[in-house]
Amino acid sequence: MTALPAEFARRVLHDLGSEQGAALCAALDEVPPVSIRLNPAKCGDAEALLRSLGAAERVPWCVEGRYLSERPQFTFDAAFHAGAYYVQEAASQFVGRLAGELSGRRVLDLCAAPGGKTTLYASLAGPQGLVVANEIDRRRVQVLADNVRKWGMGNAAVTCCEPRALGDLEAWFDVVAVDAPCSGEGMFRKDPASRDEWSENNVRLCATRQDGILREAWRALKPGGRLIYSTCTFNREEDEGALERLLAWAGDEAAEAPVAEPDEAWGIVCGRVGVFRTYRFYPHKTRGEGFFAAVACKAPDAAGRAAMPKGRRSMMTPVDKATAAELGRWVRDPESMRFASVAGTLYGWPEAQADAVRMLSETLPVIYSGVALGQVFKGRLRPDAALAFYAQLDREVLPAAELAPDEALTYLRRGEVAAAKFAEGLNLVCAEGRALGFAKRIGSRVNNMYPNSLRILKQ
Ligand code: SAM
């Protein structure tokens with residue numbers, strides 16, 4: 001493995017002292033732990049799933065988090081493709097503890113791809129909440145949208161904008177999370193290539209970029225709302241330093257957020273920067289990668305009124321009664337949903353957030369939102385692949401073809417699957433009861449409807 005950057009090693013020995021600094025450097029050369037986070041909306045028989053993954057222990061700070069005894073081939077696990085869990089580094093799962101009560105709230109995840117924290121916030125916000133997951137990078141935003149579809153909560157909107165465009169939704173969000181692009185020192189173990197990309201110059205560039213993102217995050221936050229800031233670096237300039245610079249201009253607009261103290265045994269180094277509570281994860285002290293997280297509130301009496309920028313014409317076209325009735329057959333609680341058509345595809349959103357999503361779509365480039373349901377032809381729905389992943393899909397509406405693990409892999413590769421297990425017509429394709437997608441049997445042939453963009457390529 002490439003050696004740690006010399007300047008980095010020198011700095012940690014200085015900042016942490018020779019004993020702790022050396023312990024950190026040694027830990028960065030060890031094999032990283034593997035962890036997942038279960039999807040509470042669709043993990044089904046969690047015990048059997050955890051056994052098959054070799055899940056050993058709980059991640060102590062996240063109810064759904066588990067360490068695995070070794071790294072399985074996730075690509076060949078149907079439950080992974082069904083969105084039953086997300087492969088997520090353990091320390092990152094801590095942000096869920098900082099968010100406060102999220103049920104029904106509006107969350108902005110400003111730097112969201114590939115979507116690890118987005119899926120966590122989506123689970124916490126629940127069916128009545130809304131997570132706006134933004135990613136600036138056009139390629140990465142597609143991966144984010146795929147992960148949001150698979151997670152299947154139907155309560156997220158994925159956007160692709162500069163943070164400033166989200167800042168313009170002034171005082172609109174109950175929680176704003178900034179998982180900032182950073183110099184990645186905490187990834188030196190998991191991703192050794194990040195050692196070569198590190199430089200002091202890059203640290204300075206990252207710090208400047210973080211300051212800009214935090215300004216926009218603050219604008220988007222409601223008075224009384226929470227800001228969660230995180231990085232995967234140990235660098236003070238990008239961690240506590242970013243908070244000090246924020247407090248210098250935010251002044252008494254910033255206030256403390258009530259949070260439960262972490263258990264001392266977890267090894268998290270807790271601190272404070274003004275009103276911010278801070279949490280440092282060192283791999284030689286906690287079981288996870290290097291991580292920094294912080295939380296504070298915008299004071300309830302801080303200035304700021306929700307102000308949406310002037311919108312364009314809405315992209316959403318309401319549906320007629322017959323279409324709504326057909327769509328309603330496919331979901332468990334149709335009364336709690338709003339249906340509309342966007343660019344020829346029918347979607348559903350939680351009624352509680354549908355107006356918010358409509359306003360968003362009038363002002364920002366929304367790549368994906370709610371759940372894509374499909375298209376109606378001659379009164380019948382031709383379902384979108386996303387509907388199979390939706391946790392609120394009504395399973396009674398179509399027959400399920402339960403495949404064995406090897407057959408499920410053939411399906412996920414878009415290969416030819418034998419017809420025997422399929423009813424004539426449209427089927428939901430399942431493995432261990434978890435939905436993977438749709439397929440249509442016509443006589444002795446099965447039309448594999450798994451999306452080309454998601455198919456497994458690895459042999
Ligand atoms: N939150 C993600 C997760 O848990 O899966 C990881 C986010 S990653 C640490 C930071 C993200 O910020 C990257 O996807 C990167 O493309 C994005 N980014 C880069 N420059 C940015 C900028 N100027 N403003 C906002 N986001 C940016």
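Both counts, for ligands and for their atoms, begin at 1 and track the order of listing. This structure is a prediction, so every number in the text was calculated from the model and none was measured. What you see below is based on every heavy atom in this structure, not just the backbone, and it leaves out hydrogens, waters and symmetry mates. Sequential numbering from 1 along the given sequence is applied to the chain's residues.
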Check your understanding: Should the heavy atoms of other residues, nucleotides or ligands under 6.0 Å from CD of E432 be counted, would the total exceed 12?
Key ->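 Atom CD in E432 is not packed in, count stays at 12 or less.
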Check your understanding: Does the ring pair (Phe, Tyr, Trp, His ring centres under 6.0 Å) test come out yes or no for Y347 and F339, once each step is laid out?
Key -> CA-CA 6 Å; Y347 285 79; F339 303 119; over 10 Å; no
Which segment of [X] sits under 4.0 Å of ligand 1 when only heavy atoms are counted:
| X | value |
| --- | --- |
| P163 | side chain |
| Q88 | neither |
| I213 | side chain |
| A112 | backbone |
| R140 | side chain |
| A180 | backbone |

Could you give the side-chain donor-acceptor pairs of residues 56-64 under 3.5 Å, partners two or more places apart or in another chain?
unit_1	atom_1	unit_2	atom_2	d
E57	OE1	R287	NH1	3.3
E57	OE2	R287	NH1	3.4
W61	NE1	A90	O	2.9

Exercise for review: Apply ring pair (Phe, Tyr, Trp, His ring centres under 6.0 Å) to F281 and F94, showing your working.
Suggested key: CA-CA 10 Å; F281 291 72; F94 186 75; 5.1 Å; yes
**Study point:** Parallel, tilted or perpendicular, as decided by the 30° and 60° cut-offs, for the rings of W198 and F8
**Key:**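 Ring orientation of F8 relative to W198: perpendicular.
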Starting from [atom], which protein heavy atom do you reach first, and at what distance in Å?
| atom | result |
| --- | --- |
| atom 1 (N) of ligand 1 | D179 OD2, 2.7 Å |
| atom 23 (N) of ligand 1 | R209 CD, 3.5 Å |
| atom 15 (C) of ligand 1 | E135 OE2, 3.6 Å |
| atom 27 (C) of ligand 1 | I136 CG2, 3.4 Å |
| atom 5 (O) of ligand 1 | G116 N, 2.9 Å |
| atom 12 (O) of ligand 1 | C111 CB, 3.4 Å |

**Study point:** Pairing of R189 and E89 as salt bridge, 4.0 angstrom limit
**Key:**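 E89 and R189: not salt-bridged.
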Exercise for review: State whether E362 and R358 are salt-bridged, where the test is any N-O pair (Lys NZ or Arg NE/NH1/NH2 against Asp/Glu carboxylate O) under 4.0 Å.
Suggested key: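 Salt bridge between E362 and R358, a charged N being under 4.0 Å from a carboxylate O: yes.
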**Study point:** Selection residues 201-230 - residue pairs positive for salt bridge (charged side-chain N to carboxylate O under 4.0 Å, His left out), sequence neighbours left out
**Key:**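 Residue pairs passing salt bridge (charged side-chain N to carboxylate O under 4.0 Å, His left out), neighbours aside: D168-R219, E170-R219, D174-K222, D211-R245, E216-R219.
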Review point. Any N or O of L110 that comes nearer than 3.5 Å to an N or O of ligand 1?
Key: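 Checking ligand 1 against L110, no N or O pair falls under 3.5 Å apart.
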Practice item. State if P114 counts as touching ligand 1 under the rule of any non-hydrogen atom under 4.0 Å. Key: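 The answer is yes, since P114 has a heavy atom less than 4.0 Å from ligand 1.
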Review point. Counting only N and O atoms by type, is there a donor-acceptor contact under 3.5 Å from the side chain of N39 to the main-chain atoms of A84?
Key: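 It does not hold such a pair.
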